[in-house]
Amino acid sequence: MFTAKITRKGQITIPAEFRKKLGTDIVEISMEGEEITIKPVKKPAGALKKYAIRDKNIEDIMKMEEEVARDAFSKKDHGS
């Protein structure tokens, strides 16, 4: 067992030996009751799926991106 201090920013250091065994630098952290579990994420895309845009084809997503960019530049040009 390893004891770690939590910094003011909420950070801890995972010992190098543990990090090597994880085989990744992306982890999933969960808490149940007073127990915190840290699990390695071997496929980062799976961990990011909650941020994915669903039910849209690539053309629709590209159109959305163009509209956001156009809106951002329009606001910049008008001093907003």
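Bear in mind that the values here come from a model prediction, so they are computed numbers and not experimental data. Keep in mind that the numbers below use all heavy atoms, side chains included, and drop hydrogens, waters and symmetry copies.
The side chain to side chain contact (heavy atoms under 4.5 Å, CB included) search around A16 returns R19, not counting sequence neighbours. Residues passing the side chain to side chain contact (heavy atoms under 4.5 Å, CB included) test with E65, sequence neighbours excluded: I61.
With hydrophobic clusters built from ILVMFWY side chains whose heavy atoms lie under 4.5 angstrom apart, M31 shares a cluster with I29.
Surrounding CD of E32 are at most 12 heavy atoms belonging to other residues, nucleotides or ligands under 6.0 Å away. The neighbour count for E35 CD, taken as heavy atoms of other residues, nucleotides or ligands under 6.0 Å away, does not exceed 12.
Under the 3.5 Å distance criterion, the side-chain polar atoms of T24 are matched with a main-chain donor or acceptor of V41.
Taking Ile, Leu, Val, Met, Phe, Trp and Tyr as hydrophobic and joining them when side-chain heavy atoms fall under 4.5 Å apart, one finds I58 in a cluster with M62.
Note that CG of L22 is 11.0 Å distant from CD of E17, once rounded to the nearest 0.5 Å. Between atom CD1 of residue I36 and atom CD1 of residue I12 there is a gap of 7.5 Å, rounded to the nearest 0.5 Å.
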